[in-house]
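Here is the structure we will look at, set down as C-alpha cells.
Numbered from 1 within each chain, the chains take letters A, B, ... in sequence-line order. Just so you know, these numbers come straight off a predicted model, no measurement behind them.
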Amino acid sequence: MANRKAPNIANYFSGAKQNQQLSEAEQEINQLKAEIESLRASGSEELEIQLSTLKEQLRSQSGVTDIAIEIILQNPDQPRRTFLADSIEAMSQSLSNDGQLSPIIVIPQNESYLLFDGERRWRAAKSLGWETIRAVTMDAPDDLHRKALLTSLHREDLNPLDKAEAIIREISSNVDIKAEDIPRTLSTVIRRLNKQKRLTDVMKALSDDHSDASADESISETERTILLILLELQLNPASVDANLLPMLGLADDLKDAIRNLGLKGVHAIALQKLSAKNLNLSQAKAKRLREDLTKKVVQENLSVLQTRKLVSEAIAKYSPSQESTSDVNKQLGKIKQSVNLISSELLTSADADSLRDIYDLLKQKMTEIESLLT
Amino acid sequence: MMSNISDHLDVSIHKTLNKMQNRIAVISNAGGSGKTTLSVHIAYEMSLYGLSVGLIDLDPQGSLSLFCGLQQPEPEDTLASVLQNDFAGKWPLEHCWSENTNNVEVIQGGMILTRVSDEMVLHRRGAYLLGDCLKDYPLTHDLLLLDCPATLGPLTLLALSACTHILVPVQLEPKSIQGSAKLLEWVYHQSKQLRLEPQPQILGFVPNQYDPRRATHRQILEDLPTQLDQLGIHCFPAVRDSAEFINASGQGLPLHLYRNNHPASGDFKEISERIVKLIGKKVKRKK
C-alpha cells in the first residue's frame, strides 16, 4: 500500500524561489547603476559649469569655427575612458535632429587640433559622417604637457618607449640642452654619483630641499635641473637611466614592435643584441632575423630569460667564437668591478664572520684560477 | 553616501507609488480558485469604507457579470471596446448593487475578449494596451480590481502590465498550489521581460474554500505561509468553504448582502484592512 504522505509543497515553490533571487540580484544591480549615474552627475555639475563659462569666454575671443573632423586628435589624457555605444548613438540622434548645440573645445597643435572637451560630440559627428564640427579654440596651458605626462607616465598601459620619448620632450622643453645629449648627460651624472656612493644622498637632498643641493658643486646646473625634473615627475632618475632611456637607442624595427606588437621593453633590449656586428651578417639579414625572432617572442609570449637564451643561441649559430668569448669577458669584467668595490672602509666596518666568509670564498677561487694558470 | 542615495530612491519610489492609483490584479493559474469571489467581496468591503472601486473583468467567461447581478452585455459595452485603437475615453462603466451602494462600478467582460486576445498579438503595444488606456484616460476610482482569466495568456498579461499589486487566490489543494507557484515564476519572468517599472508587488496569497475537516487542507494551510515567507510573500487568513458563497453568487450578490451577518463575510477582514491601508485614505468602515 502506498505510503500516505502530505504533499511537499516546498518542491512546488523551488523554481519561484530561484527566479526571485535572480530578479532581486538584477534589481540590485540596476539600483547600483542608477546610484553611480547620479553620483557621476552630481560630481560633474561643477565641472560642466566651469566648462560652459570657459566656452563663453573663448567664443567671444576667437569665435566659433568649423574644423575638419579628421585633423582633430583625441586627447590621450581623456579621463573618461569608456564611451558606451548607446550614449554615442543618443548623441548622434541629437546631432542629426537638432544640430550641434554647443561647440567643442580644441587646442591648436602643429597642423592639427587636440580635443579638450566634447569627445562624445566628436565621436557622434564622426559616426554620422560629418566632415567638420563647430569648435572654439584655446591656447595650450603652459604646463599641459607636464600635467598630461604626469598622469600618463604612471599609467600602466603606456609603453617604455613612449615614456622615454615623453621624458626627453619634457626635459628638452625646460632645459637648454639638445635632445640627443640628454641620455648621455643623465647617464654620466648617475654613474659619477654612483661611483662616489652619493646617489641616494643627492637624490634625497634634491627632493627634500633644493637649496641644499644647489650648493653641491659636484653636479652642474644642467645636470641638477634634469634630475629635478625627473624627481618632480615622481620618477627615479637611476631607473630612468637604466630602464627607459635605453629604449631610445633601439633599432627601428624593435621600436615598431614595442608600439604595435606589444613587445616589452626588457625583451626589446635583449633582442637588440642581434645586431649585424654581433651576428656577423649584413644589416638587412640581421634585421630580418631580428624581426623573425621578435615575432616568435611576442607570439609565444616568451619570458625575458627565454628571450635572452634565444638571442645567445642565434648569435652562437652565426658567429660562434665571438659570442662565447665576448660573453665570458663581459662576465669577468663585471666580477672584477665588484671585487674592486671592496674598499678598506667596507672591510673595517664588517664583522668578523662576514670577513671570514669572503676570505674563504676568495681563497677557494684563487686556488681554482692558479690551477689553470700553471 | 551610497546608502543615503538608496534611502532617497526608496522614498521617491514610495512617493510615486502612493500617488499612483492602486490597481490590484487578481490572478491564479487554475480554474475555480475563487478569483471572482475574492474580487467581488473586496469590492463590496471597500464600498463599506466609502471607497470607490472599479471592477474590471478580463475573463471571456464573463462570470463577474453574473456575480454582480448584471445582464450579459453587448460586445460594445465590454472591456473589448476600451482595447480598440479608436477608444476615446468612454469607459463602459455599470453600477452594481446600486440599491445598497454607489461606490462600485463594473467594466464587463465576455466572449468578445477572445478576439481581443487574438488581435493583441499583432498590436504593437499589445501587452501594454490596458495600461496605456488607463494612462491616457485615467479612471478616478480609489481602487481598480482586475479579475483575470484562469490562464496565463495575453489577457492576464494586460492586467500584469497595468497593475500595481497582485493578489493570488488559491485552493488548498496540490493542483492549485502548484499552479500558483508557476504563476509566481511567470510574474517574475514577465515583469522583467515587459520591463515593468516599478514591478508589480505581490500583495499576498488568499487561501480559499478552506474545509478544516480535510487533512490535506489543514496540512497545506500549515505549510503554505512558511513557503511564502521565504519568498517574502504574505499569506492572508483563509476564507472558509461555504455553500452560501455559491448561493450568493447565483443571486448576483456578495455574501454580506445575501446573508447579512454570515460569519464567512468576516474572513475578508484582514485583506480589506490591508488594502485600505494601501489606498492610504483615512476612512472608517460602515457598521
Side-chain angles (χ1 to χ4, degrees), chain A residues 1-51 79-94 96-97 120, chain B residues 1-10 12-13 29-30 168 170-193 195-202 205 207 214-233 235:
Chain A
M1 187 177 144
N3 203 1
R4 284 184 60 171
K5 240 172 38 183
N8 182 2
I9 66 172
N11 288 341
Y12 301 158
F13 286 98
S14 59
K17 281 174 196 164
Q18 273 176 13
N19 224 312
Q20 193 196 39
Q21 279 162 5
L22 261 178
S23 82
E24 270 172 3
E26 274 170 23
Q27 269 180 1
E28 199 174 334
I29 290 171
N30 284 334
Q31 193 176 348
L32 286 172
K33 276 187 186 164
E35 282 176 14
I36 290 170
E37 280 300 306
S38 74
L39 278 174
R40 206 177 261 166
S42 64
S44 65
E45 210 165 289
E46 199 181 335
L47 179 67
E48 287 302 323
I49 295 169
Q50 285 177 2
L51 276 175
R80 184 170 167 182
R81 309 282 291 176
T82 48
F83 287 86
L84 299 175
D86 275 0
S87 94
I88 302 291
E89 175 62 29
M91 183 52 85
S92 295
Q93 281 195 3
S94 148
S96 64
N97 292 340
R120 218 154 65 91
Chain B
M1 185 154 192
M2 291 290 257
S3 73
N4 277 343
I5 287 173
S6 71
D7 285 353
H8 181 75
L9 281 181
D10 273 357
S12 66
I13 286 170
N29 186 18
V168 185
V170 286
Q171 282 176 290
L172 294 163
E173 281 164 25
K175 178 189 135 200
S176 184
I177 299 293
Q178 193 191 28
S180 70
K182 295 281 171 221
L183 163 71
L184 291 179
E185 292 178 42
W186 180 84
V187 168
Y188 297 139
H189 176 73
Q190 296 293 347
S191 303
K192 212 164 19 177
Q193 200 157 61
R195 309 200 179 189
L196 302 182
E197 201 57 52
Q199 295 195 357
Q201 306 253 310
I202 295 174
F205 273 45
R214 293 198 190 172
T216 322
H217 281 204
R218 289 197 307 272
Q219 187 62 50
I220 293 182
L221 188 61
E222 198 184 309
D223 293 346
L224 186 61
T226 324
Q227 289 306 318
L228 290 177
D229 194 50
Q230 289 172 14
L231 286 156
I233 297 174
C235 187

Looking at B:H189, B:K182, B:Q178, which one has more heavy-atom pairs under 4.5 Å with chain A than the rest?
-> B:Q178
Taking every non-hydrogen atom, the tightest pair across A:F13 and B:Q227 = CD1-CB, 4.0 Å
Side chains of A:N19 and B:L184 in contact at under 4.5 Å (non-hydrogen atoms) | no
Separation between CD1 of A:I9 and CD1 of B:I177, rounded to the nearest 0.5 Å = 5.5 Å
Sub-4.5 Å side-chain heavy-atom contact between B:S180 and A:Y12 = no
Please indicate whether B:K175 has more than 12 foreign heavy atoms, meaning atoms of other residues, nucleotides or ligands, lying under 6.0 Å from its NZ.
-> no
Does B:Q230 CD have over 12 foreign heavy atoms under 6.0 Å away?
-> yes
Could you pull out the closest heavy-atom pair between A:A16 and B:Y188, with the gap in Å?
-> O-CE1, 3.6 Å
Residue B:L183 versus chain A: region with a heavy atom under 4.5 Å = neither
